[in-house]
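First comes the structure, then the notes that go with it.
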There are 2 protein chains.
Amino acid sequence: MAIGIKVTLNKGLFHRDPQETTLGQKIIKHSILLIDEIGFEAFNFKKLAIRMKSTEASVYRYFENKHLLLIYLVSWYWEWVSYLIDINTMNIQDPKRKLKIIIKTLVYASKDNPSIEYVNESVLHKIIIDEGTKAYHTKSVDEENREGFFINYKKLAQKVADVITDVKQDFPYPHALASNLFEMANNHIYFALHLPRLTDVKVENDNFDEVEEMLEYFAFSLLGCNEKENEPKNH
Amino acid sequence: MAIGIKVTLNKGLFHRDPQETTLGQKIIKHSILLIDEIGFEAFNFKKLAIRMKSTEASVYRYFENKHLLLIYLVSWYWEWVSYLIDINTMNIQDPKRKLKIIIKTLVYASKDNPSIEYVNESVLHKIIIDEGTKAYHTKSVDEENREGFFINYKKLAQKVADVITDVKQDFPYPHALASNLFEMANNHIYFALHLPRLTDVKVENDNFDEVEEMLEYFAFSLLGCNEKENEPKNH
DNA sequence: TCAAAAATAATAGTATTGCTATTATTGAAA
DNA sequence: TTTCAATAATAGCAATACTATTATTTTTGA
């Protein structure tokens, strides 16, 4: 992946590749904004078409239905996080520092800069937080998984699991810890904003520092690196 | 809560209390079975009415819509888990043992016995795993939270957080760990069944032992109790 | 430069969904 | 035995989730 160049996503997710046409890019752009505004349940292709001044039928030529569009957006997001992790950890050897950067990237992905004009990464991040798990909590999950619709998420989990294993060779749950870090990163931002009794962190004006700190605490406690071993934070 | 006696749930969740009439109990019973069969998205009151040989209009006299019915079922579930935790930890003093029992209860709630005729707890557990988070991932979460619709879940989180604090006074994230244990218990059963690359545990024929073991590992690592301190498992 | 092909827009239509309303029937309590 | 609440039966309506048809515009490549 590189700026201005397409993210590679499973072709089964769409009829026509939205990244290749301006109408397609408008669909991506406006669906992100509209889902964020009205929520995934209320969102539909008619409203999207009106919003982007096109027609329902034209949207349907790109995506079979709104569910596949959501999987598309979620895959896009994780692919993009994966890319950010790659460039941010490129010259880092120490696996502990790598894991710290991964955590920071998970939490602050939307603040990282290289941006693609038709994707508002910060709003997309909100969608992932609010609606992300709906992408794979359906009756069709097995079939869609077989077709590779969740490959981007699973690959990222593998990538992070590898770093976890580098930190602690004999840690028995690297994949579970990886996916748990993803879920916690999003869940606890959501909890802080909507159900604060379910967490201990606070989130205000897009400041997710406490979430980051908590994820570090969880990860490094589990991996048996106590606080003193970690280098001091610099920000 | 006691056997044969009603679970106490927020009155705003329903028009008419389904626990008080046979038609209401039929709604609960068949909605659990039907949601499990066809999934929450495909589920609606028309299909439910046909299934239970009643009418759509009659179902609407009990619940405003399927979303509130889902919150009702989810609240029922957590209230029931909370009750099981209470009776299972009643005479236990040691907070570590308490936490172990809590974890076992979270994972094996559906196997615990005291049952209510019109609720198939094991199928309800599957619904919570598959659809549970949809109850609070909506645009109306703040309003519904204000009305107390998630009180059962939050109270349980507080109860578990208190035990966590008893285990380790200065643990900085008791609520987050509590809610994370709930989420992990369900998520990793789901992952094991549908997206196994996102976890390290296996689940076969309703045997969740590996999930339980993992949650214990996570909880007690975080709370700084290493394996040797825990009493040996007996099963 | 123009003809063919492809993409999009405009419009319409259909089956299903998510309700509400009306009336009829049953059944239980006073 | 009336009466009152609960339920059933039926209808209907606006919105949703699409599909189909045709018209128009844009692209492309000979």
Side-chain angles (χ1 to χ4, degrees), chain A residues 6 11-31 34-35 37-73 118 131 134-135 138-140 143-144, chain B residues 6 11-31 34-35 37-73 118 131 134-135 138-140 143-144:
Chain A
K6 315 189 341 169
K11 285 180 167 37
L13 292 173
F14 46 79
H15 289 319
R16 163 179 297 282
D17 188 343
Q19 292 179 109
E20 290 203 324
T21 67
T22 47
L23 187 68
Q25 295 179 358
K26 269 176 74 179
I27 291 173
I28 302 305
K29 177 178 177 176
H30 287 100
S31 63
L34 190 55
I35 290 173
E37 265 176 53
I38 65 177
F40 187 66
E41 275 70 38
F43 170 86
N44 64 40
F45 283 0
K46 176 121 219 162
K47 289 175 187 169
L48 174 61
I50 291 167
R51 169 68 73 99
M52 54 186 276
K53 292 183 177 111
S54 178
T55 64
E56 216 183 340
S58 296
V59 178
Y60 274 105
R61 299 176 121 261
Y62 282 81
F63 289 99
E64 198 177 323
N65 53 49
K66 71 173 183 175
H67 174 235
L68 288 184
L69 170 56
L70 180 64
I71 299 182
Y72 181 95
L73 294 176
Y118 55 92
E131 322 280 4
K134 293 172 190 170
T138 64
K139 276 283 158 185
S140 47
E143 198 187 320
E144 288 168 354
Chain B
K6 316 191 337 171
K11 285 179 168 38
L13 292 173
F14 46 78
H15 287 321
R16 162 178 298 280
D17 189 343
Q19 293 180 109
E20 291 203 322
T21 67
T22 47
L23 187 69
Q25 295 178 359
K26 269 176 74 180
I27 291 173
I28 302 304
K29 176 177 178 178
H30 287 99
S31 63
L34 189 55
I35 290 173
E37 264 177 52
I38 65 179
F40 187 67
E41 275 69 38
F43 170 86
N44 63 40
F45 283 180
K46 177 122 217 160
K47 290 174 187 167
L48 172 61
I50 291 166
R51 168 66 74 98
M52 55 186 275
K53 292 183 177 111
S54 177
T55 64
E56 216 184 340
S58 296
V59 179
Y60 274 105
R61 299 176 124 264
Y62 282 81
F63 289 101
E64 197 177 324
N65 54 50
K66 70 173 183 174
H67 175 236
L68 288 184
L69 171 57
L70 180 64
I71 300 181
Y72 181 95
L73 295 176
Y118 55 93
E131 322 280 3
K134 293 172 190 170
T138 64
K139 276 284 158 185
S140 48
E143 199 187 321
E144 289 167 354

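Sequence lines set the chain letters: A, B, ... in the order given, protein chains first and strands last, and positions in each chain run from 1.
Contacts between residues 63-73 of chain A and DNA chain C, defined by a heavy-atom separation below 4.0 Å, involve no residue at all. Residues from residues 53-62 of chain A with heavy atoms under 4.0 angstrom of DNA chain D, sorted by number: A:E56, A:A57, A:Y60.
If B:T21 and A:E41 are placed on DNA chain D by their nearest nucleotide, the residue sitting closer to the 5' end is B:T21. Nearest-nucleotide mapping onto DNA chain D: of B:K46 and B:G24, the residue sitting toward the 5' end is B:G24.
Under the side chain to side chain donor-acceptor pair (under 3.5 Å) criterion, A:K26 pairs with no residue at all, not counting sequence neighbours. With sequence neighbours left out, B:K134 forms a side chain to side chain donor-acceptor pair (under 3.5 Å) with B:E41, B:E131. The side chain to side chain contact (heavy atoms under 4.5 Å, CB included) check on B:A42 picks up B:I38, B:K47, with sequence neighbours excluded. For A:S58, the side chain to side chain contact (heavy atoms under 4.5 Å, CB included) test picks out A:L23, A:S54, A:T55, with sequence neighbours left out. For A:Q25, there are no side chain to side chain donor-acceptor pair (under 3.5 Å) partners two or more places apart in sequence or in a different chain. For A:F40, the ring-ring contact (aromatic ring centres under 6.0 Å, His included) criterion is met by no residue, not counting sequence neighbours. Checked against side chain to side chain donor-acceptor pair (under 3.5 Å), B:E37 has the following partners two or more places apart in sequence or in another chain: B:R51.
With contacts defined as side-chain heavy-atom distances shorter than 4.5 Å, the pair B:F45/B:I27 does not qualify.
The distance from atom CG of B:L48 to atom P of C:dT16 is 19 Å, rounded to the nearest whole Å. Put simply, CG on A:N44 is 14 Å from C1' on C:dG18, counting in whole angstrom units. Look at NE2 on A:H15: it is 14 Å from P on C:dT8, rounded to the nearest Å.
One distance of note links CG of B:L13 with CD of B:E144; it measures 8.5 Å at 0.5 Å rounding.
B:T21 and B:Y62 form a side-chain donor-acceptor contact under 3.5 Å, judged by distance and modelled atom types alone.
Between B:K47 and the phosphate of C:dT16, there is no side-chain N or O to OP1/OP2 separation shorter than 4.0 Å.
Think of the region where chain A sits on DNA chain D: with heavy atoms and a 4.0 Å cut, that region ends 5' and 3' at D:dT16 to D:dA20.
Applying the salt bridge (Lys or Arg N to Asp or Glu O under 4.0 Å) test to residues at least two apart or on different chains, the pairs with a partner in residues 52-71 of chain A are A:K46-A:E56.
Nucleic acid contact class of B:K26 (heavy atoms, under 4.0 Å, all strands): none.
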